[in-house]
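Structure first, then comments.
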Amino acid sequence: MGNLIAFFLVGALALLLVSAGIQDARTREIANWKNGLIALMAPLWWVANGLHFWPDMALQFGVALLVFAFFAGAFAIGQMGGGDVKLIGALALWFPVVPLVWLLVVMSIAGGLLTLVMVIEKHLRKNPETPEIPYGVAIAIAGLIALREPLFNHFG
């Protein structure tokens with residue numbers, strides 16, 4: 001039964017990530033309810049995978065809080081949108097430390113490539129405005145890739 005619930009939760013997470021990425025690409029916003037649902041499903045994921053409250057769940061929550069705080073700093077200096085920060089924080093609840101670091105590296109690479117494409121497009125169109133990067137797309141891509149990572153499935 002736990003495997004069926006875990007499978008459902010991962011599927012729901014994947015759908016929410018795709019939806020968040022598409023929404024961010026279209027509107028440059030990510031709905032709070034999507035980020036909230038991703039965060040609220042994480043404890044169900046923990047239980048489905050047999051994590052103990054102490055230290056496993058506490059560690060997951062603590063690491064996610066640190067990730068959120070770090071990216072909230074990027075938001076405070078105008079480098080990220082609030083929805084992006086909430087999405088990263090919610091996603092951090094799902095991954096153990098090593099896969100989370102891997103996810104953040106992939107997210108950075110995807111975000112850099114996305115930024116490069118948008119800057120090239122800006123110059124080709126001779127648009128004087130600074131492009132607003134939909135970083136939720138990079139976060140969603142990294143999250144989807146990380147869902148396939150075998151390290152992520154170490155719980156079961």
Side-chain angles (χ1 to χ4, degrees), residues 6-46 49 59-156:
F7 180 77
F8 170 77
L9 290 169
V10 168
L13 175 59
L15 290 173
L16 285 165
L17 287 173
V18 169
S19 176
I22 290 169
Q23 181 183 15
D24 198 31
R26 288 183 177 166
T27 67
R28 302 303 191 267
E29 291 183 0
I30 301 170
N32 285 333
W33 70 265
K34 291 176 186 175
N35 292 327
L37 191 54
I38 290 170
L40 289 173
M41 289 188 325
L44 299 173
W45 169 252
W46 301 340
N49 285 284
L59 181 62
Q60 285 292 128
F61 184 77
V63 169
L65 191 59
L66 287 173
V67 168
F68 178 80
F70 176 80
F71 286 100
F75 170 76
I77 60 173
Q79 298 302 307
M80 290 192 93
D84 300 332
V85 173
K86 290 179 267 187
L87 182 58
I88 294 168
L91 207 49
L93 290 166
W94 284 75
F95 293 91
V97 174
V98 172
L100 176 61
V101 170
W102 185 81
L103 180 147
L104 294 173
V105 169
V106 171
M107 178 191 79
S108 298
I109 293 168
L113 291 173
L114 180 63
T115 301
L116 183 62
V117 166
M118 293 191 73
V119 167
I120 290 170
E121 179 194 32
K122 168 194 178 304
H123 288 293
L124 290 175
R125 293 182 185 256
K126 297 180 180 7
N127 184 351
E129 296 178 16
T130 302
E132 188 176 338
I133 311 302
Y135 214 80
V137 173
I139 299 164
I141 289 169
L144 290 168
I145 291 170
L147 286 177
R148 298 206 52 212
E149 176 62 38
L151 290 173
F152 180 64
N153 296 316
H154 84 281
F155 293 121

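Just the heavy atoms: all of them, side chains too, but no hydrogens, waters or symmetry mates, feed the values below.
With I141 as reference, I145 is the one residue of I145, L144, I139 to meet the side-chain contact (heavy atoms from CB on, under 4.5 Å) rule.
Distance check: W94 CH2 to I38 CD1 gives 8.0 Å after rounding to the nearest 0.5 Å. Taking CG of L104 as the start and CZ of F95 as the end, the distance is 10.0 Å to the nearest 0.5 Å. Put simply, CH2 on W45 and CD on Q60 are 10.5 Å apart, with the number rounded to the nearest 0.5 Å. Atom CG in L15 sits 11.0 Å away from atom NZ in K34 (nearest 0.5 Å). Rounded to the nearest 0.5 Å, atoms CZ (F68) and CG (L87) are 11.5 Å apart.
Of the possible donor and acceptor atoms, none in the side chain of Y135 sits under 3.5 Å from a partner among the backbone N and O of V85. Judged by distance alone, the side chain of Q23 and the main-chain N or O of A31 form a donor-acceptor pair under 3.5 Å.
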Test L116 against I120 for side-chain contact (heavy atoms from CB on, under 4.5 Å), laying out the working first. CA-CA 6 Å; L116 183 62; I120 290 170; 4.0 Å; yes
Derivation of the side-chain contact (heavy atoms from CB on, under 4.5 Å) call for L91 and V67: CA-CA 10 Å; L91 207 49; V67 168; over 6 Å; no
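Residues in residues 110-125 take part in these side chain to side chain donor-acceptor pair (under 3.5 Å) pairs, two or more places apart or across chains: E121-R125. Applying the side chain to side chain donor-acceptor pair (under 3.5 Å) definition to pairs two or more places apart or across chains, those involving residues 61-90 are N32-K86.
Considering all non-hydrogen atoms of both residues, L13 and M41 come closest at N-CE, 3.8 Å. Here the closest non-hydrogen pair linking A42 and L93 is CB-CB, 3.5 Å. Of all the heavy atoms in G83 and N35, the pair that sits closest is O-ND2, 3.4 Å. Of all the heavy atoms in I133 and R28, the pair that sits closest is C-NE, 4.4 Å. What you find for N49 and A6 is that their closest heavy atoms are ND2-CB, 4.4 Å. Counting all heavy atoms, side chain and backbone alike, D24 lies closest to G136 at OD2-N, 2.6 Å.
The shortest distance between side-chain heavy atoms of L103 and I88 does not fall below 4.5 Å.
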